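One structure is given below, encoded as structure tokens.
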Amino acid sequence: SSLFVYPTKIIIKTCGTTQLLKSIRPLIHFANNLGLTLCGCRYTRGSFIFPKAQPFPHTHFKEEVIYIEEQIPNNLCYRKASVMPSKLPSYSWHVFTASDQTYMPRFALKSPDVNFTVEVCMTELDRNLARKFFKKAGDSKTGDSAGKDMTALTGVDNINPGAIICDFAFDPCGYSMNGIDGDRYSTIHVTPEDGYSYASFECVGSIYDDADDIVGVLKRAVQVFRPATLTVSTTSTSHEVWTRVAHAMEPLGLKCRSCVMDEFPAAGSIVFQSFTAARR
Amino acid sequence: MAVSGFEGFEKRLELHFFGDDPVVNNMEMGLRLLDFESLEKVLHAVQCTVVSAVGNHFFDAYVLSE
């Protein structure tokens with residue numbers, strides 16, 4: 001799991017349950033103490049794999065949305081909840097956004113939203129590659145030290161060689177890392193156990209970047225895991241970004257099975273694509 | 001729930017803030033001024049703790065347990 005704190009933005013991403021929604025109210029409270037007011041909220045997730053394991057009050061997307069709406073102030077009046085489907089069973093993308101009526105012009109005047117966010121979810125990882133995310137038997141290394149080993153061994157450090165990496169290996173297996181490169185973050189989380197292996201990769205790009213940049217980053221990230229199934233959610237005000245994503249996946253033997261787009265007030269458009277390996 | 005405790009894909013929450021006070025708006029740190037004790041309170045509600053951290057001129061990044 002990861003937490004990113006910018007001067008006017010907080011991102012929290014947790015594996016497992018939806019307990020992170022309980023952070024909304026205290027974050028609003030502490031931000032208010034600093035003279036800051038909430039003006040935008042975005043919540044995204046894939047499908048629950050174990051829906052019965054999700055604790056109250058977040059047992060169903062409708063309930064999650066109701067809960068979030070109870071936590072955020074009324075000034076965030078532009079709200080939208082959507083479940084974006086895919087052709088792969090049990091792979092839907094759930095999105096809720098809310099924004100202040102003043103959010104868009106304020107945000108646009110201060111800094112046009114040229115950045116986009118790419119969230120990649122990978123399942124059925126290559127077994128040999130996933131094995132690298134297990135700590136060695138009898139290894140007495142700390143999580144930091146073992147994490148550094150995994151970063152180097154798996155090639156995670158090659159995804160963006162310019163990034164400073166903060167990594168951690170869990171016991172007996174599992175791995176998380178955050179990369180920071182200027183004002184941009186990237187993050188990886190891995191659950192390598194066979195049968196329900198999973199990895200996620202998320203990064204930020206700019207529509208002004210060379211188109212090959214995001215393609216290269218995604219290729220290198222996916223090659224660390226070589227998943228059988230992969231979904232990509234791209235949040236952007238530009239409609240060109242998602243086509244770059246498709247171009248990055250196809251040479252890796254991943255075939256696009258579905259692609260849906262939806263518009264969200266103040267959050268731009270979200271494109272949700274699903275891919276499966278053509279051959280393993 | 002899986003034996004490992006793994007419950008599926010991540011959940012992601014992004015919150016944006018603004019300040020009416022020009023002093024706050026010009027402040028480079030903003031939310032980064034939140035003390036670690038406050039962050040720990042937030043993370044307690046989420047049932048996570050910080051296991052590793054790094055930061056630069058622009059933002060702070062924390063790897064969390066769970």
Side-chain angles (χ1 to χ4, degrees), chain A residues 1-24 26-27 30-31 34-50 53-54 103 106 119 121 143-144 164 166-168 176-178 180 182-183 185 189 191 193 196 198 200, chain B:
Chain A
S1 302
S2 289
L3 170 70
F4 300 102
V5 183
Y6 286 79
T8 58
K9 177 173 72 177
I10 279 189
I11 298 164
I12 184 164
K13 183 172 182 174
T14 59
C15 315
T17 69
T18 49
Q19 293 292 315
L20 83 168
L21 296 179
K22 292 182 178 173
S23 69
I24 296 174
L27 284 173
F30 289 126
L34 294 172
L36 295 163
T37 305
L38 186 70
C39 62
C41 170
R42 176 154 57 99
Y43 173 63
T44 55
R45 68 165 173 85
S47 297
F48 290 146
I49 293 180
F50 302 99
Q54 299 298 329
Y103 175 69
R106 273 176 197 276
E119 294 175 70
C121 300
D144 292 307
I164 297 168
C166 180
D167 37 22
F168 194 88
S176 288
M177 85 89 183
N178 294 327
I180 65 173
D183 62 351
Y185 70 87
H189 301 285
T191 302
E193 289 103 319
Y196 43 88
Y198 169 79
S200 67
Chain B
M1 188 188 305
V3 176
S4 71
F6 175 60
E7 292 175 301
F9 296 2
E10 287 102 342
K11 288 76 191 173
R12 182 185 184 279
L13 179 69
E14 179 172 328
L15 300 175
H16 287 259
F17 296 85
F18 74 95
D20 272 333
D21 183 345
V23 176
V24 173
N25 274 337
N26 292 331
M27 190 166 55
E28 288 185 357
M29 293 300 285
L31 293 164
R32 299 180 72 190
L33 290 173
L34 284 176
D35 56 48
F36 192 68
E37 190 182 339
S38 299
L39 284 180
E40 280 186 314
K41 282 181 183 171
V42 173
L43 294 174
H44 179 73
V46 181
Q47 297 177 357
C48 286
T49 55
V50 172
V51 296
S52 198
V54 68
N56 66 8
H57 176 72
F58 300 96
F59 69 107
D60 300 309
Y62 302 88
V63 175
L64 308 178
S65 63
E66 200 194 56

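Lettering follows sequence order; numbering is per chain, from 1. Keep in mind the model is a prediction, meaning the values are calculated, not measured.
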Approximate separation, where rounding is to 0.5 Å, of B/C48 SG and A/L3 CG: 9.5 Å
Atom pair CD/OG1 of B/E10 and A/T191 - distance to nearest 0.5 Å: 7.5 Å
Side chain B/N56, main chain A/G182, donor-acceptor under 3.5 Å: yes
Non-hydrogen atoms of A/S176 and B/V63 that approach each other most closely: CB-CG1, 3.6 Å
Closest heavy-atom pair and its distance - A/S23, B/L13: OG-CD2, 3.6 Å
Closest non-hydrogen atom pair, B/S52 against A/C166: OG-SG, 3.0 Å
A/D144, part contacting chain B, at a heavy-atom distance under 4.5 Å: side chain
Euclidean distance, A/K9 NZ relative to B/L15 CG, rounded to 0.5 Å: 11.5 Å
Toward chain B, the part of A/L27 with a non-hydrogen atom under 4.5 Å: both
B/Y62 vs A/V5, side chain to side chain contact (heavy atoms under 4.5 Å, CB included): CA-CA, chis, key distance, verdict: CA-CA 8 Å; B/Y62 302 88; A/V5 183; 4.0 Å; yes
Atom group of A/C41 that falls short of 4.5 Å from chain B, counting heavy atoms: both
Nearest heavy-atom neighbours spanning B/F18 and A/C39: CD2-CB, 3.3 Å
For B/V42 against A/P26, the heavy-atom pair lying closest together: CG2-CB, 4.0 Å
Top of A/I164, A/D167, A/I10 for chain B proximity - count of heavy-atom pairs under 4.5 angstrom: A/I10
Option among A/L21, A/T44, A/L20 that satisfies the side chain to side chain contact (heavy atoms under 4.5 Å, CB included) test with B/K11: A/L20
A/T8 OG1 to B/L31 CG distance, which is reported to the nearest 0.5 Å: 7.0 Å
Closest-packed option against chain A by number of heavy-atom pairs under 4.5 Å, given B/D60, B/V54, B/L34: B/D60
Residue among B/V46, B/V50, B/L39, B/L43 with most heavy-atom pairs under 4.5 Å to chain A: B/V46
Plane angle bin for A/Y6 and B/F59 - parallel if under 30°, tilted between 30 and 60°, otherwise perpendicular: parallel
Euclidean distance, A/N178 CG relative to B/L64 CG, rounded to 0.5 Å: 8.0 Å
A/F168 versus chain B, the contacting section by heavy-atom distance below 4.5 Å: side chain
Heavy-atom pair with the smallest gap, counting every atom of A/P7 and B/F58: CD-O, 3.4 Å
Reported CD-to-CZ distance for the pair A/E119 and B/R12, which is rounded to 0.5 angstrom: 5.0 Å
